[in-house]
Amino acid sequence: MRRCLFRLAAPLLVCAGLISTSARAEVEVDLALVIAVDVSFSMDPDEQTLQREGFIEAFRSPVVHDAIRRGAVGRIAVTYMEWAGASDQRTLLPWTIIEGSDSANGFAEMLSRKPTRRASRTSISGALDFASKMQEESGVTALRRVIDVSGDGPNNQGRSVLAARADAIARGITINGLPIMLKDAGYFDIQELDLYYRDCVIGGQGAFMVPAKDKEQFRDAVKTKIIMEIASMPTPGRAAEHEGGSHVVLAQDGNRANCFAGEQQWRDRMGN
């Protein structure tokens, strides 16, 4: 598959198959960000709409535009992917260079035109593996590489989420999380998903998560997370309240949540 790198701020479309590796490496950015969103059946239509609109509004926000401009390089690269089961990951928007309000708004507009979908199972490990590969094939030189993963349930298919996280961190990638906890835990959900994300999903230098526990604050939670990823990494050992009351939780050393809760739950409920 031909992979393209879009520059929305200029009438230029650079396709990886048309330029050399050395030329692609000259594209420098402050941040290479993979936005990885859960589209499993546990995500109801309302949650999907809020999730999509949260990212659209974030990239339309002047605060986000200012954060991009204030970076050392003044531009970022972003791609948007959807995931569900272990073999179900799709790139919705390819790697895109954003270096101002016009390109950020253009990214938001492209995202707003994409249809939503739902699929079976939940493989956070599959999402991390796919996103890590996307980072390796980004075609940019980034000061920081981040995977922004959001979802409403634990890993229940594919390899261990701990193994996928460890491999991503070994590549110098930071994993941040947006655990979605807008409704009571359902049939294949777990209580305290935020603790699961903290202990089992996020990791790497400066890793953090912003739990989404209230529909009214969901969009603010997404915007808070994007701004923090673009502007700077949080101070280790601290948690804070940010815009809209969004609560930021940093990665912890050592596992306290059951990182195989989803797999065990699936086996128990399916009688395996």
Side-chain angles (χ1 to χ4, degrees), residues 3-14 24-37 51-81 91-114 131 134-150 172-178 202 204-210 212 218-235 240 242-244 246 248 250:
R3 178 172 46 82
C4 294
L5 187 67
F6 291 90
R7 297 178 64 100
L8 292 174
L12 173 65
L13 175 62
V14 182
R24 293 202 306 272
E26 293 177 3
V27 180
E28 296 183 352
V29 296
D30 292 300
L31 171 71
L33 176 64
V34 178
I35 299 174
V37 301
Q51 179 176 237
R52 177 70 64 82
E53 290 180 350
F55 285 107
I56 291 171
E57 290 187 12
F59 282 98
R60 285 176 175 164
S61 169
V63 178
V64 171
H65 303 169
D66 289 341
I68 294 171
R69 283 192 290 263
R70 288 196 300 266
V73 179
R75 58 177 173 261
I76 65 173
V78 185
T79 182
Y80 190 102
M81 56 134 335
T91 301
L92 207 63
L93 292 178
W95 282 108
T96 305
I97 299 294
I98 297 178
E99 49 190 339
S101 297
D102 289 345
S103 51
N105 287 327
F107 185 85
E109 179 63 24
M110 288 194 300
L111 184 57
S112 71
R113 296 176 182 176
K114 296 294 184 179
M134 293 179 77
Q135 285 284 6
E136 297 299 323
E137 299 175 349
S138 67
V140 301
T141 299
L143 300 180
R144 291 181 291 121
R145 298 193 296 170
V146 173
I147 297 171
D148 179 335
V149 59
S150 62
I173 299 170
T174 295
I175 303 164
N176 296 329
L178 182 73
I202 68 174
Q205 185 176 14
F208 67 94
M209 67 172 185
V210 181
F218 189 92
R219 293 179 180 87
D220 287 330
V222 174
K223 185 162 67 173
T224 293
K225 192 160 177 291
I226 293 294
I227 291 170
M228 291 182 66
E229 286 166 340
I230 292 170
S232 64
M233 292 176 288
T235 303
H242 284 258
E243 182 177 348
S246 300
V248 179
L250 307 186

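Here the structure is a predicted model, which is why all the values come from computation and not from measurement.
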Counting C-beta onward and ignoring hydrogens, is there a side-chain heavy-atom pair between Ile35 and Phe59 closer than 4.5 Å? yes

Find out whether Thr174 and Glu229 are in side-chain contact, i.e. whether some heavy atom of one side chain is under 4.5 Å from a heavy atom of the other. no

Measure from the side-chain N and O atoms of Thr224 to the backbone N and O of Asp220, and report whether any donor-acceptor pair falls under 3.5 Å. yes

Are Leu111 and Phe55 side-chain neighbours, meaning at least one heavy-atom pair lies under 4.5 Å? yes

Quick one: are Arg145 and Glu136 in side-chain contact, heavy atoms under 4.5 Å? yes

Of all heavy-atom pairs linking Ala72 and Leu143, the shortest is CB-CD1, 4.2 Å

With side chains defined as the heavy atoms from C-beta onward, is the minimum distance between Lys114 and Arg52 less than 4.5 Å? yes

Thr79: which residues meet the side-chain hydrogen bond (donor to acceptor under 3.5 Å, both in side chains) condition with it, sequence neighbours left out? none

Closest non-hydrogen contact found for Ile97 with Val29 is CD1-CG1, 3.9 Å

Output for pair (Ile76 CD1, Ile230 CD1), nearest 0.5 Å, gives 4.0 Å

Do Ile226 and Leu33 come within less than 4.5 Å of each other through their side chains, counting heavy atoms only? yes

Let's go through Asn105 and His65 carefully: what are the C-alpha distance in whole Å and the side-chain angles of both, what is the deciding distance for side-chain contact (heavy atoms from CB on, under 4.5 Å) to 0.1 Å, and is it a yes or a no? CA-CA 9 Å; Asn105 287 327; His65 303 169; 3.5 Å; yes

Taking side chain as C-beta onward, heavy atoms only, is Gln135 less than 4.5 Å from Val34? yes

Non-hydrogen side-chain atoms of Met209 and Lys225 separated by less than 4.5 Å: no

I need the minimum non-hydrogen distance between Val140 and Ala32, along with the two atoms involved. CG2-CB, 4.2 Å

Is the backbone N or O of Ser101 less than 3.5 Å from a side-chain atom of Ser103, with the two atoms forming a donor-acceptor pair by type? no

Would you name the heavy atoms of Ala212 and Leu178 that are closest together and state the gap between them? CB-CD1, 4.4 Å

Find the distance between CZ (Arg144) and CD1 (Ile173) and round it off to the nearest 0.5 Å. 13.5 Å

Sequence neighbours excluded, which residues qualify as salt bridge (charged side-chain N to carboxylate O under 4.0 Å, His left out) partners of Glu53? Arg219

Any donor and acceptor pair, going by atom type alone, linking the side chain of Asn176 with main-chain N or O of Phe208 inside 3.5 Å? yes

Is any side-chain N of the basic residue among Glu28 and Arg75 closer than 4.0 Å to the acidic one's carboxylate O? no

Residues Ala131 and Met81: closest non-hydrogen pair is CB-SD, 4.3 Å

Under the rule for salt bridge (charged side-chain N to carboxylate O under 4.0 Å, His left out), what residues qualify as partners of Arg69, not counting sequence neighbours? Asp66

All heavy atoms of Ile56 vs all of Ser112, minimum pair found to be CD1-CA, 3.5 Å

Gap separating the CD1 atom of Ile227 from the CD1 atom of Ile68, nearest 0.5 angstrom: 10.0 Å

